[in-house]
Amino acid sequence: MKSSDIVWDESTLLRFIEDPEAVVSGNGMKPYTGVRSAEDRARIVAFLKSPGK
């Protein structure tokens, strides 16, 4: 993940939450394979953006 040189913005984070392997190959997040629901991904990002997080 550190060597990916990705700038983690909201768009990249949403794509990563959906399919981590597609964004950072070999990311070591197994067995996590992503969240398919766009609504759930949006909720995760909203939570991360909330104050105190």
Side-chain angles (χ1 to χ4, degrees):
M1 299 280 289
K2 287 182 182 181
S3 64
S4 69
D5 293 326
I6 290 177
V7 175
W8 290 100
D9 58 15
E10 186 172 335
S11 173
T12 305
L13 183 57
L14 282 166
R15 288 186 299 127
F16 183 79
I17 293 168
E18 179 179 16
D19 186 358
E21 190 65 25
V23 177
V24 182
S25 181
N27 61 63
M29 296 287 292
K30 303 290 183 213
Y32 176 75
T33 59
V35 174
R36 301 296 173 235
S37 166
E39 184 177 316
D40 289 345
R41 292 191 308 270
R43 287 181 182 155
I44 292 167
V45 171
F47 172 79
L48 293 172
K49 290 171 62 176
S50 65
K53 304 296 174 263

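V7 and V23 sit in two unconnected hydrophobic clusters of ILVMFWY residues. Membership requires side-chain heavy atoms under 4.5 Å apart, directly or through other members.
Annotation: salt bridge (Lys or Arg N to Asp or Glu O under 4.0 Å) contacts involving residues 6-17, sequence neighbours excluded, comprise E10-K49. Each ring pair (Phe, Tyr, Trp, His ring centres under 6.0 Å) pair with one or both residues in residues 17-37, not counting sequence neighbours, would appear here, but there are none. The stretch residues 3-29 participates, sequence neighbours left out, in these ring pair (Phe, Tyr, Trp, His ring centres under 6.0 Å) pairs: W8-F16.
Scored by the side chain to side chain contact (heavy atoms under 4.5 Å, CB included) test, E21 finds D19, S25, N27, K30 as partners (sequence neighbours excluded). Applying the side chain to side chain contact (heavy atoms under 4.5 Å, CB included) rule to S37 yields the partners E39, D40; only residues at least two apart in sequence or on another chain are considered. Residues passing the side chain to side chain contact (heavy atoms under 4.5 Å, CB included) test with S4 are I6, V24, sequence neighbours excluded.
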